Amino acid sequence: MTDSAPSHLALATIAVAAGRPPRVEGGPVNVPPVLTSTYVSTTAPGPGDLFYGRNDNETWRALESALAALEGAAQPAVAFASGMAAVAAALALVPRGGRVVMPQHSYGVVLGLAAELAAAGDIRLSLVDIADTAAVVAALSRAPAAPGAPGEPAGPGVPDEDPAALLWLETPTNPMLEVADTPVLAAAAHARGALVVADNTFATPLAARPLTQGADVVVHSVTKYLAGHSDVIFGAALTNDEAVRTRLCSHRTVHGAIPGPFEAWLVLRGLRTLALRVERSQANAAELARRLSTHPAVVEVRHPSLPTDPGHERAARLMTGFGSIIGLRPAGGAAGADAVVSRVRLWLPATSLGGVGSSLERRRRLAIESPTVPDDLLRLSVGIEDVEDLWRDLDQALRG
Ligand SMILES: *Cc1c(COP(=O)(O)O)cnc(C)c1O
């Protein structure tokens with residue numbers, strides 16, 4: 001249907017060129033939104049035939065091939081109605097009762113879904129500090145001891161009592177920006193037969209490509225950087241494994257969390273500028289983090305670009321960018337943080353992230369946020385505006 005960009009091209013070029021329609025004289029240069037619920041069909045549909053709009057759509061296909069080219073996936077992406085729909089399909093790969101090892105600071109709604117599945121007996125859940133590689137490897141072999149019970153020593157020679165079925169990775173984590181050692185953790189998970197799923201929303205393929213570091217499945221909240229303009233909710237899952245892709249597609253078809261063709265077109269339009277947006281927002285974020293780290297009204301700033309940041313060394317080694325999310329604890333506790341949010345004029349006080357416009361929010365105002373996230377933590381999503389304008393607005397809001 002569409003030509004996929006050859007893999008020798010740079011990612012910035014792939015973002016522009018992948019998923020275009022075939023070159024035919026007089027043909028369009030973009031795949032249009034194909035607004036149809038069904039397709040003409042008189043015989044039994046074969047594999048790959050367009051048949052019904054809940055199963056497949058030409059506009060999905062263009063986007064799915066572009067996302068696969070960006071993530072380096074051997075199979076087209078599977079587009080979903082939201083990031084959470086993609087997450088739900090990935091968690092459904094776990095066999096009933098299988099144990100899932102997950103970062104304690106995963107995106108709050110992902111933790112909420114995992115807790116719901118655990119309460120229903122569909123999965124068992126082990127929450128870990130994903131930056132603590134030894135603790136994650138130990139949790140892949142056996143369920144952590146119940147609180148208060150004597151812990152078992154981790155390390156070589158201790159048998160696998162309860163090998164995990166799935167390792168969930170989110171790196172850097174939302175909103176604590178912990179960085180995981182993806183290749184080491186993926187190898188440890190595979191040695192125990194566990195599947196590895198990486199939520200690559202924060203990094204984007206420009207800063208990390210988990211499928212090339214051992215992940216079996218990548219999920220995205222496409223809503224964020226990939227779409228990039230805060231105007232669409234969308235998700236995607238990617239894998240190299242045809243059988244896994246078939247299961248993800250089947251989950252989408254039978255549960256029905258399908259994206260609209262227009263939304264797919266909008267995402268592909270946004271994707272064309274991904275590299276420019278990410279380069280600018282990452283540069284802005286690094287500069288703001290540097291200035292914030294000496295600001296008198298700041299208690300703590302987290303961004304993997306800072307040489308003093310706990311995630312810096314690992315991010316510098318494993319990633320090709322430091323991302324555009326900053327964790328900021330202003331002076332004055334939660335009230336001080338709320339005051340900053342109320343005083344900004346250019347920054348948008350709003351949830352979500354990854355849009356062209358900079359936004360910020362105090363995460364713990366939300367009931368879904370983990371209690372281990374500091375009450376005064378502001379999550380800043382840095383956009384593509386002029387960095388001096390962003391700094392002036394933030395500085396006046398911090399000074400009050
Ligand atoms: C926003 C987000 C999600 C959920 O995606 P939606 O598109 O809002 O459904 C999942 N993971 C991460 C890391 C996110 O930031």
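What you are looking at is a predicted structure, and each value in this text was computed from that prediction instead of being measured. Just so you know, ligand 1 is whichever comes first in the structure, and atom 1 is the first atom listed for that ligand.
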Which N or O atoms of ligand 1 sit under 3.5 Å from a protein N or O, and how far apart is each pair?
unit_1   : atom_1 : unit_2 : atom_2 : d
ligand 1 : 5 (O)  : Ser221 : OG     : 2.9
ligand 1 : 7 (O)  : Gly83  : N      : 2.9
ligand 1 : 7 (O)  : Ser221 : OG     : 2.8
ligand 1 : 7 (O)  : Thr223 : OG1    : 2.6
ligand 1 : 9 (O)  : Gly83  : N      : 3.1
ligand 1 : 9 (O)  : Met84  : N      : 2.9
ligand 1 : 11 (N) : Asp199 : OD2    : 2.7
ligand 1 : 15 (O) : Asn174 : ND2    : 3.4
ligand 1 : 15 (O) : Lys224 : NZ     : 2.7

(message) According to side chain to side chain donor-acceptor pair (under 3.5 Å), does anything in residues 74-102 pair up with another residue at least two apart or in another chain? List the pairs.
(response) Arg96-Asp122, Arg99-Ser126, Arg99-Asp162
(request) Identify the two heavy atoms, one from Leu11 and one from Pro205, that lie closest to each other, and give their separation to 0.1 Å. (result) CD1-O, 3.4 Å
(request) If a pair satisfies side chain to side chain donor-acceptor pair (under 3.5 Å) and one of its residues is in residues 104-116, list it, with sequence neighbours excluded. (result) His105-Glu178, His105-Thr372
(request) Sequence neighbours left out, what pairs pass side chain to side chain donor-acceptor pair (under 3.5 Å) with at least one residue falling in residues 376-387? (result) Asn174-Arg379, Arg329-Asp376, Ser358-Glu385, Glu361-Arg379
(request) Please check if the side chain of Asp132 supplies one atom and the backbone of Asp129 the other of a donor-acceptor pair under 3.5 Å. (result) no
(message) So, applying side chain to side chain contact (heavy atoms under 4.5 Å, CB included) with Trp347, which one of Val341, Val340, Leu360 is it?
(response) Leu360
